[in-house]
Amino acid sequence: MTLYEAILECFIEKQKPMTIQEVEIYIGQQYKQKWKDIGTTLADMVPVNYGGNSSSSVPAEYRRLKRLTRGTYTLI
């Protein structure tokens, strides 16, 4: 399981906009593995056409989030 997959699983299961903290709590409860900087990863998972970072190295198939407000994201 990659962090990208864990984040997408969280949004698919919850089916609602979530803050960075809510995603961190969900992932912490579901997985024993520790990941660093979930907030940066969330930002990198926003496609360029939704205002995402063009220099992100996240593969296109995982860039499925939209930033609603600072620190709040939703599944596209």
Side-chain angles (χ1 to χ4, degrees):
M1 173 73 60
T2 66
L3 179 54
Y4 311 130
E5 292 167 332
I7 288 171
L8 289 177
E9 177 184 284
C10 173
F11 280 97
I12 290 168
E13 182 175 316
K14 297 295 185 177
Q15 289 293 307
K16 66 175 188 165
M18 298 184 72
T19 65
I20 294 168
Q21 292 78 19
E22 289 172 318
V23 173
E24 287 175 343
I25 290 168
Y26 174 89
I27 289 174
Q29 291 172 343
Q30 299 296 317
Y31 302 99
K32 303 230 184 280
Q33 183 176 352
K34 298 288 183 188
W35 282 292
K36 294 193 308 186
D37 212 359
I38 291 173
T40 300
T41 304
L42 285 165
D44 285 345
M45 291 176 70
V46 177
V48 174
N49 58 328
Y50 280 91
N53 186 347
S54 61
S55 64
S56 170
S57 62
V58 174
E61 65 264 25
Y62 297 117
R63 295 186 79 168
R64 297 178 38 205
L65 299 181
K66 178 180 178 183
R67 182 177 181 232
L68 299 177
T69 62
R70 184 177 180 174
T72 304
Y73 297 85
T74 192
L75 196 60
I76 298 173

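Being a predicted model, the structure only gives us computed values, none of them experimental.
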Trainee: Taking only residues two or more places apart in sequence, or in another chain, which ones meet I76 in a side chain to side chain contact (heavy atoms under 4.5 Å, CB included)?
Mentor: P47, Y50, K66

Trainee: How many angstroms lie between CD in Q21 and OG1 in T72, if you round to the nearest 0.5 Å?
Mentor: 8.0 Å

Trainee: Working to the nearest 0.5 Å, report the span between CD of Q33 and CD1 of I27.
Mentor: 10.0 Å

Trainee: How would you list, by chain and number, every residue that makes a side chain to side chain contact (heavy atoms under 4.5 Å, CB included) with I20, sequence neighbours excluded?
Mentor: E24, L42, Y73

Trainee: For residues E61 and R64, report the shortest heavy-atom separation together with the two atoms involved.
Mentor: O-CD, 3.2 Å

Trainee: List in chain and number order the residues that pass side chain to side chain donor-acceptor pair (under 3.5 Å) with S55, two or more places apart in sequence or in another chain; answer none if no residue qualifies.
Mentor: N53

Trainee: Of all residues at least two apart in sequence or in a different chain, which pass the ring-ring contact (aromatic ring centres under 6.0 Å, His included) check with Y4?
Mentor: Y62

Trainee: Residues in side chain to side chain donor-acceptor pair (under 3.5 Å) with T40, at least two apart?
Mentor: D37

Trainee: For residues I25 and L65: do they belong to one hydrophobic cluster (side chain heavy atoms under 4.5 Å, members Ile, Leu, Val, Met, Phe, Trp, Tyr)?
Mentor: no

Trainee: Kindly compute the distance separating CE (M45) from CG (L75), expressed to the nearest 0.5 Å.
Mentor: 8.5 Å

Trainee: Could you pull out every donor-acceptor pair under 3.5 Å between side chains of residues 8-17 and any protein atom, sequence neighbours left out?
Mentor:
{"from": "E9", "atom 1": "OE1", "to": "Y31", "atom 2": "OH", "distance (Å)": "3.0"}
{"from": "E9", "atom 1": "OE2", "to": "Y26", "atom 2": "OH", "distance (Å)": "3.3"}
{"from": "E9", "atom 1": "OE2", "to": "Y31", "atom 2": "OH", "distance (Å)": "2.5"}
{"from": "E13", "atom 1": "OE1", "to": "Y26", "atom 2": "OH", "distance (Å)": "2.9"}
{"from": "Q15", "atom 1": "NE2", "to": "I12", "atom 2": "O", "distance (Å)": "2.8"}

